[in-house]
Every structure is written in structure tokens, then in C-alpha cells.
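Model, not experiment: these values are computed from the prediction. Below, read A as the first sequence line, B as the second, and so on, with proteins coming before strands; counting in each chain starts at 1.
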There are 4 protein chains.
Amino acid sequence: METKDKKLKILEEAEQLFASQGFSGTSVREIAKAADVNVAMISYYFGSKEQLLMEIFRYRSDYLKTQVDDLLNNTSLSSWDKLDILVDHYVNKFSDNQHLHRIILREANMNCNTEICAFIMERKKTHYGMIRQFFEQGQERGEFNKEVNVLWLYTLLPGMTKHTLFNQDFMAVILEEETGKAPDNAELMQQTKDHLKQFYRKILEIK
Amino acid sequence: METKDKKLKILEEAEQLFASQGFSGTSVREIAKAADVNVAMISYYFGSKEQLLMEIFRYRSDYLKTQVDDLLNNTSLSSWDKLDILVDHYVNKFSDNQHLHRIILREANMNCNTEICAFIMERKKTHYGMIRQFFEQGQERGEFNKEVNVLWLYTLLPGMTKHTLFNQDFMAVILEEETGKAPDNAELMQQTKDHLKQFYRKILEIK
Amino acid sequence: METKDKKLKILEEAEQLFASQGFSGTSVREIAKAADVNVAMISYYFGSKEQLLMEIFRYRSDYLKTQVDDLLNNTSLSSWDKLDILVDHYVNKFSDNQHLHRIILREANMNCNTEICAFIMERKKTHYGMIRQFFEQGQERGEFNKEVNVLWLYTLLPGMTKHTLFNQDFMAVILEEETGKAPDNAELMQQTKDHLKQFYRKILEIK
Amino acid sequence: METKDKKLKILEEAEQLFASQGFSGTSVREIAKAADVNVAMISYYFGSKEQLLMEIFRYRSDYLKTQVDDLLNNTSLSSWDKLDILVDHYVNKFSDNQHLHRIILREANMNCNTEICAFIMERKKTHYGMIRQFFEQGQERGEFNKEVNVLWLYTLLPGMTKHTLFNQDFMAVILEEETGKAPDNAELMQQTKDHLKQFYRKILEIK
DNA sequence: TATGAATGAGACTTCATTCAT
DNA sequence: CATGAATGAAGTCTCATTCAT
């Protein structure tokens with residue numbers, strides 16, 4: 001039990017450090033220090049630094065499994081209601097796992113012949129697959145504008161979420177200038193959701 | 001003259017390597033080899049590896065200076081025409097400087113107390129400032145919907161461009177699946193522009 | 001009983017590994033894995049890696065005790081017959097314990113202030129002592145040429161045996177080239193014995 | 001020039017250390033200390049510890065090139081005279097390069113898929129090839145007994161030389177006991193030569 | 001008694017940089 | 001001005017051993 005805690009601690013500290021400093025920019029010493037364990041433990045537990053990274057991916061792999069399924073199967077909600085729920089869910093999950101996403105952003109093209117890259121690509125395809133189904137359902141139901149390409153509709157979601165989340169400092173500065181108040185993370189996420197919904201509504205509505 | 005060429009060569013090779021492997025992931029030896037110069041040259045010319053990075057930023061700093069000004073001052077074009085030009089220009093410039101953008105993406109939060117971060121922040125603000133003016137002009141002219149927040153309108157532009165460009169492999173795979181043909185870079189950029197324009201039109205139009 | 005088996009297993013696996021990879025080149029983890037026991041067992045049972053090596057020597061120490069005595073005391077056989085028996089016996093025993101001999105070969109001069117080196121030296125002296133007696137008996141009996149130095153006569157025995165055994169791959173290659181057939185270990189040992197006997201006969205015969 | 005000296009120093013110190021402690025048993029730190037250079041120099045000059053070992057082999061590779069050729073082509077000397085010269089030459093060369101030979105003895109079967117093992121095998125074949133020619137010449141000339149197998153005649157030479165040289169301590173102890181005087185290295189080598197010649201004479205003479 | 005977990009020491013190697021020329 | 005040589009620091013990983021159970 002205690003061992004599992006230590007492994008978890010290492011995993012989480014490493015995730016954070018990799019996210020903020022990059023994989024190459026983070027030494028195992030730093031990780032060990034942050035997790036308050038002996039340096040040798042990282043090799044002992046994970047084999048190597050690279051395998052530790054891989055383990056982080058495995059550890060986080062199931063974070064956005066299939067809650068979208070429920071949404072697809074739900075027949076009582078309109079597609080517009082579902083859209084709100086989807087956006088909220090997506091942005092929340094993304095925000096919750098922002099460390100992982102930052103790592104992906106940084107290291108995606110690192111050694112693209114390794115397991116990790118295959119892993120990331122698979123994840124991307126899975127996520128897209130789910131969300132594509134959602135948009136297609138709305139279009140088939142006749143609620144969403146059929147003229148809009150689904151891949152690019154999807155792109156809006158990670159595109160804007162990522163940009164907001166990974167430019168938080170910039171967004172905060174601007175919003176402070178424009179509204180007089182620096183938003184906290186929750187406030188920023190809320191605005192992201194609101195504007196995503198607004199944009200989707202305008203793009204998908206049938207005039 | 002020859003010295004300047006060597007410095008330039010180093011700068012460009014370093015930019016590419018930093019973009020693909022990250023700052024920490026790239027050794028000065030690699031850069032020296034790629035630029036076909038002695039290892040000592042890098043310290044000799046730039047002082048240190050970090051100062052070389054800074055120099056890359058300076059070297060690329062002026063890439064999106066003020067062509068937007070012309071657009072703002074132009075009175076013969078409609079805001080919709082200007083929008084098309086802006087999107088084309090933005091995406092083109094972004095694509096041309098994707099190495100730099102990838103570096104920014106990676107290293108933005110590296111050591112955020114250094115000159116580099118201030119530099120990046122300044123750049124972001126400048127870019128936003130220009131594009132904000134453009135949207136505000138369209139709204140003031142009564143051509144764009146005034147209800148939409150300008151900051152989030154702007155967010156769409158870098159958000160979608162970045163996402164497309166830095167997920168090129170994913171986009172290519174999906175597009176190949178859906179259309180039967182893998183797009184090249186130019187084709188992908190064109191689609192990015194087209195859909196950005198489509199989205200902006202739907203978001204900004206006044207019903 | 002089971003404990004004894006485990007110790008034995010460790011001993012034998014370690015012997016083999018030390019023989020093929022050397023003492024420093026073999027980790028306790030490898031030994032533990034090969035013997036299918038926990039890593040800690042080795043320190044637990046033997047105290048340390050070095051003491052394990054020592055234990056191997058003790059374990060094998062009695063392999064060539066005193067069968068030569070019988071030969072010396074035997075009065076019905078001629079010295080020439082005895083020579084054949086001695087050579088067969090020596091080469092057989094050597095071959096049976098080749099792992100140990102390889103370790104001695106490798107590590108003889110390791111830390112020559114330790115118990116191991118004293119041990120090896122004692123063994124060498126004992127072996128030589130026995131065989132010297134044999135040659136001296138043959139000379140005293142007037143069957144062997146008295147002009148030949150006994151120490152150097154002895155040298156022939158380990159010298160040729162070791163060279164053949166520890167250059168098995170080379171011998172095999174050459175013999176294959178010369179006879180068209182690669183000899184197996186038994187065949188090679190037989191040839192070693194035959195030629196040793198031939199050489200001894202020619203050296204020791206009285207013209 | 002000075003650099004070459006440093007490389008040479010490293011090479012020679014490493015050779016000696018590898019010979020006495022084995023490859024795995026010798027750390028690059030030890031080598032660096034012995035050669036009075038920075039630890040990093042070894043990687044800098046040779047790439048790695050293993051490549052350093054390889055370099056030692058290359059450095060020593062030409063030590064017994066073709067002096068035997070002269071002997072073969074010489075028609076004025078009898079085969080018996082040539083034999084004396086050959087034995088002297090062989091033992092001298094072996095003694096001069098005993099460090100290398102000890103390394104070969106130890107590490108021959110280390111990683112027998114590597115360049116080093118191929119290298120050693122090639123060397124062995126070359127040496128044997130030369131000496132085989134010598135014995136065959138003597139047999140063809142009718143001076144040496146044709147009944148004796150040449151491969152095993154050859155075996156006597158490295159077999160006894162190695163055994164004497166690598167059991168110097170034992171030989172010294174015995175010789176001191178038997179003659180009252182501990183022989184130095186030169187004395188031991190001389191005895192090795194003398195007895196080799198004696199043995200060869202008895203084995204090869206035609207009665 | 002036996003063992004999985006843990007550790008300090010030290011292994012080899014690469015790093016960015018500096019020095020002497 | 002330019003560079004090959006050199007270096008101290010730090011990198012990751014493995015080592016034999018010990019500890020707590």
C-alpha cells in the first residue's frame with residue numbers, strides 16, 4: 001500500500017515537472033527530490049526515465065473514456081442541450097488533465113517511432129471519434145447545420161481549449177486590462193466554455 | 001560577411017532543432033554539427049546556449065510587424081474582404097514561422113523570469129493588439145456583430161491554426177480516412193483558412 | 001534440506017556465470033535470477049558476493065584429492081601404463097571442472113592478498129606435489145628419462161589441457177578446416193589426451 | 001603531439017589495469033587516475049570504455065606480424081636452428097605483450113558476438129598459420145618427424161608459455177623450493193625457452 | 001527464516017563551457 | 001578571429017547490500 005503511494009507520488013510529481021519543464025529539462029534527481037524518494041527508486045520502480053513517462057501516459061489513459069456514450073444514447077435532450085454538456089465536460093476534463101496535455105504538446109514529436117507516439121495518436125483518434133459521432137447525430141437529427149465539416153467543428157474544441165489553458169497568463173493579463181479584474185482559473189474555464197458554446201451555436205444554427 | 005553567414009546558419013539550424021527536440025533536448029554539439037561549425041563557436045558567438053535561444057527570438061521578432069496597419073487604414077475594402085485577407089495573412093505567417101511557434105509552445109513557461117518570457121508576452125500582446133483593432137473596426141463599421149467578445153474572437157485564430165499545424169499528422173490521417181487522400185501542408189493550410197473564414201463569417205454575421 | 005538445495009543452486013549458477021562473464025562482470029541479480037531465488041538471499045546466505053566466490057572454491061576444493069595416491073602405490077602397473085591413466089584422469093577432471101578453472105584463470109590475480117589467492121596457490125602446490133611424485137617414481141624406477149626436469153614435465157599437463165579447453169572454438173575451427181569435421185568436446189578431450197601421451201612418451205623414453 | 005602522448009598513456013595504463021583486474025573490474029576513473037587525465041577524456045578520446053578496449057587491440061595488433069617469414073625463407077639454417085630462433089622469438093614476443101594476452105585470456109569469451117572476438121580469432125588463426133608453415137617446412141625437409149600432428153605441436157608453444165607466464169608466482173615458489181633461488185622474470189622466460197626447445201627436440205627428432 | 005523494498009555509492013557517459021594556441 | 005583540446009558538473013542507471021517485516 002505504502003509502495004503504491006510512493007509510485008503514485010513519483011508519477012504525479014514527474015507529471016507536473018515534465019509538464020512545466022519538459023522531459024529533457026527535468027532530471028530524475030529533481031523528480032526524486034519532489035517526490036521525496038531516493039534517486040535510485042525511479043529506476044527501481046519504472047526501469048528508466050523514459051518508461052516513467054510512458055507510465056504517466058498509461059496512468060492517465062482512461063481519463064476520458066466513454067462518458068460521451070451516455071450523451072449519444074440520450075434521446076430526451078436536444079442536441080443543443082447536449083452540446084452544452086459536451087463542452088462543459090470536455091473543458092473540465094481537459095483542465096483536470098492539463099499537465100498531461102502539456103506533456104503531449106511538448107513531447108508529441110519527440111521520438112515518433114516509440115510507443116508513446118502511437119499511444120498519443122490512438123488517443124487523439126478515439127477522442128475525435130466520439131465527438132464526431134456527437135456532431136453527426138445533431139446533424140442527422142436536423143438540429144445542426146449539415147453544411148459544416150465535422151472535423152473542423154471538432155478542431156474548435158481542443159484548439160480553443162488548449163490555447164486558453166496554455167496561455168493563461170496572457171489571457172489573464174488581457175482580461176485584467178479589459179475588465180479590471182484578473183480571472184482565476186475557474187473563471188477562465190467558464191469563459192472558455194461560454195464562448196465555445198456561443199461560437200458553436202452560431203456556427204451550427206440553421207437560419 | 002562569412003561570419004554573418006555562419007551565425008545565421010547556426011541560428012537557423014538551432015531553431016529547427018529546438019523546434020523538433022526542445023531546448024533541453026538539443027545539445028550544442030548537435031547544433032554545431034548541423035551548422036557545420038566548431039562546437040566552441042556557439043559559446044563564442046552567442047555566449048551561451050540560452051543566449052542563442054534568445055537570439056533566435058530576436059532574429060524572428062519582426063516577422064509579423066505591421067502589415068495589418070495597411071489593412072486597418074484601407075477604406076476601400078469591406079471588413080469581410082479584410083477578414084479574408086487577415087486570415088490568409090495570419091495563417092501564412094504562422095506556417096512560415098512554425099519552428100519559432102513550436103519553440104514558444106514548448107518553452108514558453110520554461111524559466112518565466114527570464115528575458116525570453118517577457119519577450120514572448122510582449123509579442124502576444126502586440127499581435128493581439130493589432131487583430132483586436134481589426135475586429136473592433138469591423139464592429140464599429142457596423143459590419144460585424146457587436147455582441148461577440150473580441151478577445152475570444154481572436155483566440156479562434158491562433159487556437160485553430162496552432163492545433164491544425166501542430167497536429168498535422170493527426171489531421172492528415174483523419175482527412176485521408178475521410179477523403180481518401182492525404183493532404184500536403186499547403187492543402188491543410190488552405191483548409192484551415194477556409195474553415196476559419198467560414199466560422200468567422202457565421203459568428204460575426206448580423207442576422 | 002530445501003535450503004541446502006537453494007544454496008547449491010546458487011553456488012552452481014554463480015560458478016557458471018563467473019566462469020563465462022567474470023566475477024566483476026556478473027551481478028548478484030543475475031545470479032539470483034539464474035538460481036531463481038531472491039536477490040537478498042545471496043547476501044543472506046553467503047554474506048557477500050566475494051564470500052560466495054570463496055564458497056565456490058571451497059565447494060570444489062576436493063575434486064582432485066587423492067586418486068593419484070592409488071596410482072603411486074600400485075606396483076603391478078608399469079609407469080607407462082600409469083602415465084596413460086594419469087593423463088586421462090587429469091584431463092577428465094580438468095574438463096569436468098572447467099568452470100572452476102576458468103574462474104581461477106580469470107581471477108587468480110584479482111586481489112592477491114585475500115584468502116582466495118592463498119587457496120589457489122595451495123591447490124596448485126598440492127596438485128603439483130602429487131604429479132611430481134608420479135614422475136619421480138617413474139624416473140626412480142628407471143622407466144622414465146631422468147634428464148628431464150619434473151616441474152616442466154608437469155607444466156606440459158595443465159599448459160596443454162588449459163590451452164585446448166579454453167581455446168575450444170579455435171581448435172574446433174582449425175580441426176574442421178583440416179579434417180572436414182568439427183570435433184565435439186569429447187572428441188577434443190580425447191585428442192588432447194592422445195597427444196599429451198604421445199608427447200610424454202617421446203620426451204620420457206630412454207633411447 | 002602531446003595529445004597523442006595522452007592517448008597513448010591512457011591506452012597503456014588501461015591495458016595494464018584490464019590485464020590485472022579485468023575489463024569489468026576496472027573503472028574508467030581508475031584508468032583516468034592512472035593515466036593522470038580527466039575522467040571525461042576517456043569518453044572524449046575513445047567514445048566509450050568498450051571502444052577503448054578495442055583500441056588496445058588495434059594498438060597491439062601488429063606486434064607479431066611477419067618476422068616468421070624471414071625464417072621460412074631462410075635456406076642456410078637447419079630446421080633445428082630455426083626452431084630455436086622461433087621459440088625464442090615467440091616467448092619473447094609473448095612476454096613483451098603479456099598484458100594483452102592476459103586480457104585476451106580473460107575477455108575472450110566476454111561478448112563473443114562483438115568485433116573483439118572476431119579480432120582475437122583472426123589473430124589466433126594468423127599466428128597458427130605462420131607457425132604451422134614452419135613445422136611443415138621442417139617435416140618436408142625431412143628434418144622433423146612427420147608423424148607428429150602440427151596443430152598439437154603448435155599447441156605446445158602457447159600452452160606452455162601461457163601457463164608459465166600466468167603462473168609466475170607459482171613457478172617462482174616451486175623453483176625457489178627446488179633450487180633455493182627465486183627466479184626473476186628473465187630467468188623464468190629463459191627456462192621456458194630451454195624446456196620448450198628440449199621438448200620439441202625430443203618430440204620431433206627422427207630416431 | 002526469508003524476502004520485497006529501499007538505498008548510498010559509484011558506474012559510464014554527455015553536457016555546456018573554457019582554455020591555449 | 002577561430003578552434004581543437006580539455007574539463008568539472010551533472011546526467012541516468014546499476015551496483016551490492018541492508019532494512020523492516
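Rounded to whole angstrom, the span from the CD atom of Q51(A) across to the P atom of dT12(F) amounts to 15 Å. Atom CD1 of I42(B) is separated from atom P of dA16(E) by 9 Å (rounded to the nearest Å). Going from atom CD of E50(B) over to atom C1' of dC15(E) covers 15 Å, rounded to whole Å. Whole-Å rounding puts the L52(C) CG to dA16(F) P distance at 11 Å. Taking atom NZ of residue K49(C) and atom C1' of nucleotide dT18(F), one finds them 17 Å apart after rounding to whole Å. When rounded to the nearest whole Å, the span between CG of L17(A) and P of dT12(F) equals 12 Å. Between the CZ atom of F46(A) and the C1' atom of dT12(F) there is a distance of 15 Å, rounded to whole Å. Counting to the nearest Å, the C1' atom of dA5(F) and the CD1 atom of I10(D) are 12 Å from each other.
If you check every strand for non-hydrogen atoms under 4.0 Å, S27(C) touches sugar and phosphate atoms only. Y45(C) comes within 4.0 angstrom of the backbone, heavy atoms only, and of no base.
Contact of the Y45(B) side chain with the L52(B) side chain is not registered, since no non-hydrogen atoms from C-beta on lie closer than 4.5 Å. Two residues are said to be in side-chain contact when any heavy atoms from C-beta on lie closer than 4.5 Å; E13(C) and V37(C) fail this criterion. Contact of the L53(B) side chain with the F46(B) side chain is not registered, since no non-hydrogen atoms from C-beta on lie closer than 4.5 Å.
In DNA chain E, stems built from 3 or more consecutive Watson-Crick or G-U wobble pairs, each with both distances under 3.5 Å, span E:2-21 with F:2-21.
In terms of modelled atom types and a separation under 3.5 Å, the side chain of E107(D) and the main chain of F23(D) share a donor-acceptor contact. A donor-acceptor contact shorter than 3.5 Å is absent between the side chain of K162(B) and the backbone of H101(B).
Taken residue by residue, residues 31-41 of chain D places heavy atoms nearer than 4.0 Å to DNA chain E at A40(D).
One finds no side-chain N or O of K6(D) lying less than 4.0 angstrom from the OP1 or OP2 phosphate oxygen of dG4(F). For the OP1/OP2 pair of dC1(F) and a distance below 4.0 Å, the side-chain nitrogens and oxygens of K7(B) include no atom meeting the criterion. Contact annotation: R29(A) does not reach the phosphate of dT12(F) (side-chain N/O to OP1 or OP2, under 4.0 Å).
One finds a salt bridge joining E55(A) and R58(A) here, because a Lys/Arg side-chain nitrogen approaches an Asp/Glu carboxylate oxygen to under 4.0 Å.
Results of the side-chain contact (heavy atoms from CB on, under 4.5 Å) test with I10(B) over V28(B), D5(B), I31(B) single out I31(B) as the only residue that passes.
Taking each heavy atom of K49(D) and T26(D) in turn, the nearest pair found is NZ-O, 2.8 Å.
With the nearest nucleotide of DNA chain E identified for both G47(B) and Y44(D), Y44(D) has the one nearer the 5' end.
The CG atom of L100(C) sits 12.0 Å away from atom CZ of F18(C), with the distance rounded to the nearest 0.5 Å.
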